[in-house]
2 protein chains.
Amino acid sequence: MADTTENEFLKTYDANAFPRPSVAVDVALVTIDDDRLQTLLIRRNEHPQRDSWSLPGGFVRLDESLDATAERVLATKAGLTGVYLEQLYTFGEPVRDPRTRVISVAYYALVPPEKLRRVAIGADQCLAAIRVPWAGETGGAVELLAPNERRLKVAFDHGEIVGMVVKRLRGKLAYAPVGYALLPKRFTLLQLQRVHEIINGSTVNKDSFRRRMLASGELEETGAMQEGVGHRPASLYRVSARKNVPHG
Amino acid sequence: MADTTENEFLKTYDANAFPRPSVAVDVALVTIDDDRLQTLLIRRNEHPQRDSWSLPGGFVRLDESLDATAERVLATKAGLTGVYLEQLYTFGEPVRDPRTRVISVAYYALVPPEKLRRVAIGADQCLAAIRVPWAGETGGAVELLAPNERRLKVAFDHGEIVGMVVKRLRGKLAYAPVGYALLPKRFTLLQLQRVHEIINGSTVNKDSFRRRMLASGELEETGAMQEGVGHRPASLYRVSARKNVPHG
DNA sequence: ACCTCTTGTATGCACCAAGCATATATGCAC
DNA sequence: GTGCATATATGCTTGGTGCATACAAGAGGT
């Protein structure tokens, strides 16, 4: 990791006096509700970027792993534990934060809506809808909408971070069982299909999707059915125990 | 990124006195030569992990982006510029380095073998072959072999880092034009096929591969042919200019 | 000149998964 | 019961892939 020169450097200069960047972990807490991707934002009432909205985050403590920091942020800011959590990308432009050099390790977390609905959304918090302007191909920043559909002013590069979350989800969806983390323990095939469609911003063929999912071996019938839905109830499935699939 | 509490924390305590982790960038410089994946390692002649082999790396300077650090590391340790370079993952276990808390942002670089053969391999450097023990499914650490086929003692978690590079390459190969960065500007379809096979650790059907690549629109005929190959020469292709494909 | 070796290039066919259409089943509201 | 909305099953079409076969083209030996 460090070559001779830099090891010498560290020895010569006292490690704690040598100016180092701060390292923060920012977490995009993502769910699907109201047929949209949503993420939790926090209003900044401090300089810099006061009155803009940012992802929940916190600085990494010296004795704490990055994953542990992300879990602590989720527990502190949203009261959530035991959710699907994965590192996304590390953002390190020198000018991200005018106070000091901050390197931000971005994570994303996936939770089913019922679980997120149980957590209290504080006055300085907001569950923002993610509008993806690039349905077709590439990446970039997304737009974040308040519950009243107004577009939010987003702090730092957090719009790009959420954009990269969507891009990553789309990539993983094709080959990894990632959609289940956004669903309750028992769900119908149509619910799973909606998850895929909302993430990808496109529709899929119902029958093919159904066949593909049932053939994947990731699903297991619960035997139970939907109740009180006003039409023919669908079978409820759960993720197969054997497959070690992350789910909500 | 920081909530009120932590902003206050930063103001109360002098920023530079507050102990922060060091942030390093480690780069896996990957090429394909001798029908194997290879990566550049550097022998450590300093504590810790003395006499083991590590990826080239360096600490992030305060005014330097992470990408710039990775480029500097490549230029300093291998004399290479202008290569395909991409961030991989950030490793932040508190116990990685016994000296101090070091958070390492891992990058990987892809270069064609001819380019790497031109750089001088120093006495404390080594182009190690990557042996992937998990041809089938999952990830984990890889084994790194010296030119004499002896297995190298690898420092820190750098074996896992290279393992994650292979995993990432396999993932990207399926949907992204990533193989071209490991080939010279002009190459035959069979060379491209070998790149795919070596990365994936499996063989592919020649005709299907050929059809798929030609149909992808990523390739362009140069009109030129191989020369002096002792058998029927193959057409030389290059990456299509329109496609904005990274290549060596 | 001819043959042989090796690799490149082209064509046809079988197979499988996805898209698509159609038919039938099932629970709820009336 | 009827109507409605959705679930579920079946069959056909299509495109891509695996596979086999045939042919082309250069190098080198005889």
Side-chain angles (χ1 to χ4, degrees), chain A residues 35 135-136 170-177 179-180 183-184 186-238 240, chain B residues 32 34-35 135-136 170-171 173-177 179-180 183-184 186-240:
Chain A
D35 274 350
R170 288 185 178 178
K172 293 205 83 168
L173 211 49
Y175 70 95
Y180 307 110
L183 289 170
R186 306 194 307 172
F187 51 89
T188 69
L189 285 177
L190 190 57
Q191 285 178 309
L192 182 59
Q193 181 178 345
R194 288 267 178 274
V195 168
H196 279 67
E197 290 179 336
I198 289 166
I199 290 178
N200 283 322
S202 63
T203 59
V204 303
N205 182 273
K206 185 175 171 178
D207 303 293
S208 309
F209 183 82
R210 176 183 204 75
R211 274 180 305 209
R212 185 154 39 95
M213 284 302 137
L214 290 177
S216 74
E218 294 163 3
L219 297 181
E220 210 173 46
E221 266 191 296
T222 62
M225 297 289 224
Q226 276 182 317
E227 284 175 15
V229 283
H231 56 262
R232 175 174 174 179
S235 291
L236 290 172
Y237 292 82
R238 60 170 165 256
S240 171
Chain B
I32 290 185
D34 193 24
D35 274 350
R170 288 185 178 178
L173 210 50
Y175 69 96
Y180 307 109
L183 288 171
R186 306 194 306 171
F187 52 88
T188 70
L189 286 176
L190 190 56
Q191 286 178 309
L192 182 60
Q193 181 179 344
R194 289 267 178 276
V195 167
H196 280 67
E197 291 179 335
I198 290 166
I199 290 178
N200 282 324
S202 63
T203 59
V204 304
N205 182 272
K206 185 176 172 178
D207 302 291
S208 308
F209 183 82
R210 174 183 206 73
R211 274 180 304 208
R212 184 154 39 95
M213 285 301 138
L214 291 176
S216 74
E218 294 163 4
L219 296 181
E220 207 173 45
E221 267 191 294
T222 64
M225 296 288 225
Q226 276 182 316
E227 283 176 16
V229 282
H231 53 72
R232 173 172 175 179
S235 291
L236 290 172
Y237 292 83
R238 61 170 164 256
V239 293
S240 173

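The figures that follow rest on heavy atoms only: side chains count, while hydrogens, waters and symmetry mates do not.
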In whole Å, I'd like the distance from the [atom1] atom of [X] to the [atom2] atom of [N].
| X | N | atom1 | atom2 | result |
| --- | --- | --- | --- | --- |
| B:Gln191 | C:dT7 | CD | P | 13 Å |
| A:Arg211 | C:dC16 | CZ | C1' | 11 Å |
| B:Leu219 | C:dT9 | CG | C1' | 15 Å |
| A:Leu214 | C:dA18 | CG | P | 12 Å |
| B:Leu192 | C:dG8 | CG | P | 13 Å |
| B:Arg210 | C:dA10 | CZ | C1' | 9 Å |
| B:Gln193 | C:dT7 | CD | C1' | 12 Å |

With sequence neighbours excluded, give me every salt bridge (charged side-chain N to carboxylate O under 4.0 Å, His left out) pair touching residues 193-209 of chain A.
-> A:Arg194-A:Glu197

Residue pairs passing the ring pair (Phe, Tyr, Trp, His ring centres under 6.0 Å) test with at least one member in residues 186-213 of chain B, sequence neighbours excluded, are B:Tyr180-B:Phe187, B:His196-B:Phe209

When you measure from the side chain of A:Arg170 to the backbone N and O of A:Ile199, does any donor-acceptor pair fall under 3.5 Å?
-> yes

Non-neighbouring partners of A:Lys172 that pass salt bridge (Lys or Arg N to Asp or Glu O under 4.0 Å), sequence neighbours left out | A:Glu86

For A:Arg210, salt bridge (Lys or Arg N to Asp or Glu O under 4.0 Å) partners two or more places apart | none

A correct 5'-to-3' footprint of nucleotides 23-30 of chain C, with B, S and - meaning base, sugar-phosphate only and no protein heavy atom under 4.0 Å, is --BBBS--

So what does B:Leu189 hit on the nucleic acid, given a heavy-atom distance under 4.0 Å: a base, only sugar-phosphate, or nothing?
-> nothing

Under 4.0 angstrom, heavy atoms only, what part of the nucleic acid is B:Thr188 near: base, sugar-phosphate, or nothing?
-> nothing

Over all heavy atoms of both residues, which pair between A:Thr222 and A:Arg238 is shortest? Give the atoms and the distance, please.
-> CG2-NH1, 3.6 Å

Quick one: look up who D:dT14 pairs with, Watson-Crick or G-U, both distances under 3.5 Å, and put none if it's unpaired.
-> C:dA17

DNA chain C contacts made by residues 196-207 of chain A, counting heavy atoms under 4.0 Å = A:Asn205, A:Asp207

If you find the nucleotide of DNA chain C closest to B:Ser235 and the one closest to A:Arg212, which residue's nucleotide is nearer the 5' end?
-> B:Ser235

Can you give me every donor-acceptor pair (side chain of residues 224-237 of chain A, partner residue at least two apart or in another chain, under 3.5 Å) with its distance?
unit_1: A:Gln226; atom_1: OE1; unit_2: A:Ala234; atom_2: N; d: 3.0
unit_1: A:His231; atom_1: ND1; unit_2: A:Val229; atom_2: O; d: 3.0

Counterpart residues, side chain to side chain donor-acceptor pair (under 3.5 Å), relative to A:Asn205 (two or more places apart) | A:Ser208

So, do B:Leu189 and B:Leu219 sit near enough that their side-chain heavy atoms are less than 4.5 Å apart?
-> yes

